[in-house]
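Position 1 is the first residue of the sequence; numbering continues from there. Small disclaimer: the values here were computed from a predicted structure and weren't measured.
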Amino acid sequence: MEQANVNSLSAVTESSTKEARAIHDRVLVLDSHIDFEPEDLTGERNYTQRLPTQFNLPNMTDGGLDALFFVIYVGQTREGQNPDALKAAGYQRAYQAAVEKFAAVHRFAGEIAPEQIEIASSAADIRRIHASGKKAALMGVENGYPLGEDLTRVAEFYARGARYISLTHNGHNQLGDSHTGEREGWKWQGVSPLGEQVIAEMNRLGIMVDISHASKQAMMQSAALSKAPIIASHSGARSLCNVSRNLDDEQLLALKNTGGVIQMVAYHGFVKTAAADSSERAAALAEARKPYDLPDPSKLSQRARAQAALKSLPADQLAKYRQKLAEIDEKLPGDPPATVKDFIDHIDYAVKLIGIDHVGISSDFDGGGGVIGWNDASETLNVTVELVRRGYSEREIEKLWSGNLLRVMDDVERVARDLQK
């Protein structure tokens, strides 16, 4: 009887995976937030090869990922770190870093891999490129810091390819308050006067206002100020994981009221608050990694390399390593890490609260993202498998993977045309 049940369960799992794969192949699969280093796009060894990164074109192909936003990320220099952080010299350094990243994306798509990937500048472009069989690349700016105090740079960044801009990152800047103010105190009590002008200019040009990393007050003010739908390019539900980077129910409802979308992020620390390993468990795990020279996946800077190294282990070594981990789990149990199922819990929660039309998907790969089961772009199908398992229809899965964000892009472009009349 037990064997029959096992066989029945196996058949159901195989059937749902087959159904998920068929759906995954039919819908346009878009990840709204992937970080990168310029040398990984333009170096001799680049994303056309299987680098030890979570994202690259081979992984993208293996996982059935059709489109992505390359993130033009510039970290926030704080005044305590450098007195000129929020002065002309600090803004110029940030601007130069952003321009280097814009240029790297253009060179990669235009010169290095033009037969495989193409830059999209609109929702219609994404659909066209997808239909042609190529991958679509977009750009989103994470942190408005590089704009400095020059409002004309918003148009410049649009011309360079930016289709969303987040006002802040970790730390307040000239445009508004960051979520980090919950522990550090506030600078502006929300959006700054310059930030208000930047939002208006983004609306006029057709750039999505991204509120990930903003403080709650800045986020709520952005929702009220924007004439177009807003997005959270990579955030989670605070009711499930109580960290300042996530959105609480009031924020989710405010985002919905703009017509916007939250791109739920598979960043383990925003999916689940897990207790740190004991010193004994950490030492045992380090000892288990030694024979295989595996990086420590618990360290943000090593997560992508650890995933790549694990995938490259021969089958027999991988089996031995996993057996050792199982022994450690039994003797020195730890708090289980976030999984795809935990991640989909955030999607379920938001869908129930604000509706299927206002939820999307992001990974934050190569920026700290990844959960067990979706640890690099090659594992993207696993998200669809879990969505199918939970009863989402093909139409709903299409909305989550790209339809909702493309609808927001269409709306933002329409508002811009109206404002430019």
Can you confirm whether [X] sits close enough to [Y] that some side-chain heavy atom of one is under 4.5 Å from a side-chain heavy atom of the other?
X	Y	result
Ser222	Leu167	yes
Ser178	His172	yes
Tyr95	Glu156	yes
Arg390	Asp348	yes
Glu142	His234	yes

Check whether Tyr158 forms a cation-pi arrangement with Arg163 (NZ or CZ under 6.0 Å from the six-membered ring centre, at most 45° off the ring normal).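 Yes - Arg163 lies over the ring of Tyr158, closer than 6.0 Å to its centre and within 45° of its axis.
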
With the threshold set at 4.0 Å, does a side-chain nitrogen-carboxylate oxygen contact exist between [X] and [Y]?
X	Y	answer
Arg26	Glu394	yes
Asp125	Arg128	yes
Glu396	Lys399	no
Lys216	Glu250	yes
Arg245	Glu182	no
Asp329	Arg281	yes

Test Phe70 against Phe55 for ring-ring contact (aromatic ring centres under 6.0 Å, His included), laying out the working first. CA-CA 10 Å; Phe70 280 120; Phe55 173 84; 5.7 Å; yes

Do the rings of Tyr164 and His33 sit parallel, tilted or perpendicular, given the 30° and 60° boundaries? parallel

Does the ring centre of Trp374 sit less than 6.0 Å away from the ring centre of Phe365? yes

With no hydrogens and no angle check, just 3.5 Å: does a side-chain donor-acceptor pair link Gln76 and Asn170?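 Their side chains do not contain a donor-acceptor pair, so the 3.5 Å distance test is not met.
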
Does [X] [atom1] have over 12 foreign heavy atoms under 6.0 Å away?
X	atom1	result
Arg21	CZ	no
Asp293	CG	no
Glu330	CD	no

Between His24 and Thr384, is the side-chain hydrogen bond (donor to acceptor under 3.5 Å, both in side chains) condition met? List the steps. CA-CA 7 Å; His24 198 74; Thr384 303; 2.7 Å; yes

Candidate pair Trp186 and Ser215, rule side-chain hydrogen bond (donor to acceptor under 3.5 Å, both in side chains), full reasoning: CA-CA 9 Å; Trp186 308 109; Ser215 69; over 6 Å; no

Residue pair [X] / [Y]: nearest heavy atoms and the distance that separates them:
X	Y	result
Asn143	Val74	ND2-O, 3.0 Å
Ala98	Ile72	O-CG2, 3.6 Å
Val265	Val271	O-CG2, 3.4 Å

Starting at [atom1] of [X], measure out to [atom2] of [Y] and round the result to the nearest 0.5 Å.
X	Y	atom1	atom2	result
Glu201	Phe157	CD	CZ	13.0 Å
Ser166	Tyr145	OG	OH	14.0 Å
Asp66	Trp401	CG	CH2	9.5 Å
His213	Asp177	NE2	CG	15.0 Å
Asn246	Leu240	CG	CG	8.5 Å
Tyr392	Ile23	OH	CD1	13.0 Å

Checking Asn46 against Asp40 for the side-chain hydrogen bond (donor to acceptor under 3.5 Å, both in side chains) test, could you report, in this order, the C-alpha distance in whole Å, the side-chain angles of both residues, the deciding distance, and whether it holds? CA-CA 5 Å; Asn46 56 58; Asp40 287 333; over 6 Å; no

side-chain hydrogen bond (donor to acceptor under 3.5 Å, both in side chains), that's the test. Do Asp210 and Ser233 meet it? Break it down for me. CA-CA 6 Å; Asp210 175 20; Ser233 67; 2.7 Å; yes

